[in-house]
Amino acid sequence: LGTQAWLLGDHQAARKRFERAFRAYQDAGQPRGAADALNNLGLVLIDLWDLDAAAKALEAAVTLFEAGGDPGGAGDAWTNLGLVYGDQGRYGEAIAAFRAGLDAFTTADDRSGRLAALHDLANLYAELGDFERAEQLYRQARPLAESEDELAAADQALGALLLAAGDVDG
């Protein structure tokens with residue numbers, strides 16, 4: 001129900017439902033469900049621009065995913081946390097979170113997660129003006145792209161970066 005409310009744009013209802021779901025899973029001794037609820041809660045809190053609360057929810061989700069041996073879930077929570085830290089101007093922590101997400105996705109053998117984490121990390125470096133590092137990461141991500149859409153997104157991101165950096169020869 002939380003996801004339905006979120007998709008319908010009722011973020012306050014989604015927040016309440018994910019908070020209730022977290023408590024219910026926690027009371028039932030189901031850490032995976034609790035971690036999923038916290039990760040989703042963190043995403044809703046990002047949409048509500050309550051970044052401090054989002055960071056707390058996502059940090060707790062990481063802890064539960066890692067304790068439960070779920071590297072894919074941990075990767076999702078880490079990369080979401082990296083987005084929050086970046087929005088908060090906590091760039092060093094954002095970089096560390098994206099790298100932790102990348103490590104977790106590598107452990108989980110999750111190609112698409114690795115691709116997304118590399119793009120998030122490259123986007124942050126580009127935002128910080130470190131175009132060389134961003135370019136390295138985009139180029140590292142490109143071989144992970146399998147579908148036409150993923151390849152197009154990878155090429156578009158790299159092209160935009162090269163234009164922003166003034167390297168039109170690529």
Side-chain angles (χ1 to χ4, degrees), residues 1-27 30-68 70-105 108 110 112-131 133-134 137-138 141 149-150 153-154 156-158 160-161 163-164:
L1 294 176
T3 302
Q4 289 174 334
W6 186 21
L7 292 174
L8 292 173
D10 189 348
H11 294 90
Q12 291 299 337
R15 178 183 191 162
K16 290 176 186 173
R17 289 181 176 138
F18 285 129
E19 287 170 343
R20 277 196 300 257
F22 164 69
R23 286 190 301 274
Y25 283 121
Q26 192 175 40
D27 291 347
Q30 296 180 16
R32 170 59 199 243
D36 281 333
L38 284 172
N39 192 49
N40 287 329
L41 175 61
L43 293 172
V44 169
L45 293 167
I46 291 169
D47 286 348
L48 290 169
W49 208 245
D50 189 348
L51 298 180
D52 291 336
K56 288 179 185 175
L58 292 166
E59 289 164 354
V62 165
T63 299
L64 288 173
F65 281 128
E66 288 181 343
D70 182 352
D76 285 336
W78 273 121
T79 55
N80 292 334
L81 190 55
L83 295 171
V84 171
Y85 289 158
D87 285 342
Q88 291 177 316
R90 297 162 60 182
Y91 301 118
E93 291 171 275
I95 290 167
F98 288 137
R99 290 198 181 281
L102 182 59
D103 289 345
F105 286 131
D110 182 338
S112 64
R114 289 193 323 265
L115 178 63
L118 284 167
H119 274 247
D120 287 338
L121 189 55
N123 291 340
L124 180 60
Y125 277 115
E127 182 181 324
L128 296 174
D130 189 342
F131 298 120
R133 178 76 52 91
L137 291 163
Y138 283 131
D149 287 343
E150 288 175 341
Q156 182 179 14
L158 181 57
L161 173 75
L163 282 173

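These values consider heavy atoms only, across backbone and side chains, with no hydrogens, waters or symmetry-generated copies.
Contact check for Leu128 versus Tyr91: side-chain heavy atoms found under the 4.5 Å cut-off. Between Leu51 and Leu45, the closest side-chain pair of non-hydrogen atoms is not below 4.5 Å. Annotation: side chain of Asp36 is not in contact with side chain of Tyr25 (no heavy-atom distance under 4.5 Å).
Closest approach of Ala35 to Ala61, counting heavy atoms only: O-CB, 3.7 Å. Nearest heavy-atom pair across Ala126 and Ala134 is N-CB, 3.7 Å. What you find for Ala55 and Val84 is that their closest heavy atoms are CB-CG1, 4.0 Å. Residues Ala141 and Leu115 approach most closely at O-CD1, 3.4 Å, considering heavy atoms. Taking both residues in full, the closest heavy atoms of Val44 and His11 are given as CG1-O, 3.4 Å, listed atom of the first, atom of the second, then distance. For Ala97 against Tyr85, the heavy-atom pair with the smallest separation is CB-CD1, 4.2 Å.
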Could you pull out all donor-acceptor pairs under 3.5 Å where a side-chain atom in residues 70-80 meets a protein atom, sequence neighbours excluded?
residue : atom : partner : partner atom : Å
Asp70   : OD1  : Gly72   : N            : 3.3
Asp70   : OD1  : Gly73   : N            : 2.9
Asp70   : OD2  : Arg32   : NE           : 3.4
Asp70   : OD2  : Arg32   : NH1          : 2.0
Trp78   : NE1  : Glu66   : OE2          : 2.9
Thr79   : OG1  : Gly75   : O            : 3.1
Thr79   : OG1  : Asp76   : O            : 3.1
Asn80   : ND2  : Asn39   : OD1          : 3.0
Asn80   : ND2  : Asp76   : O            : 3.1

Only distances under 3.5 Å count here; give the side-chain donor-acceptor pairs of residues 116-125 to other protein atoms, sequence neighbours excluded, each with its distance to 0.1 Å.
residue : atom : partner : partner atom : Å
Asn123  : OD1  : Tyr138  : OH           : 2.2
Asn123  : ND2  : His119  : O            : 3.2
Tyr125  : OH   : Arg133  : NH1          : 3.0

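Residues satisfying the side chain to side chain donor-acceptor pair (under 3.5 Å) test with Asp52, not counting sequence neighbours, are Gln88. For Glu19, the salt bridge (Lys or Arg N to Asp or Glu O under 4.0 Å) partners two or more places apart in sequence, or in a different chain, are Arg15. With sequence neighbours left out, Thr63 forms a side chain to side chain donor-acceptor pair (under 3.5 Å) with no residue at all. Remark: Glu93 pairs with Arg90 by the salt bridge (Lys or Arg N to Asp or Glu O under 4.0 Å) rule, at least two apart or across chains.
Taken to the nearest 0.5 Å, the CG atom of Leu137 stands 11.0 Å off from the CZ atom of Phe98.
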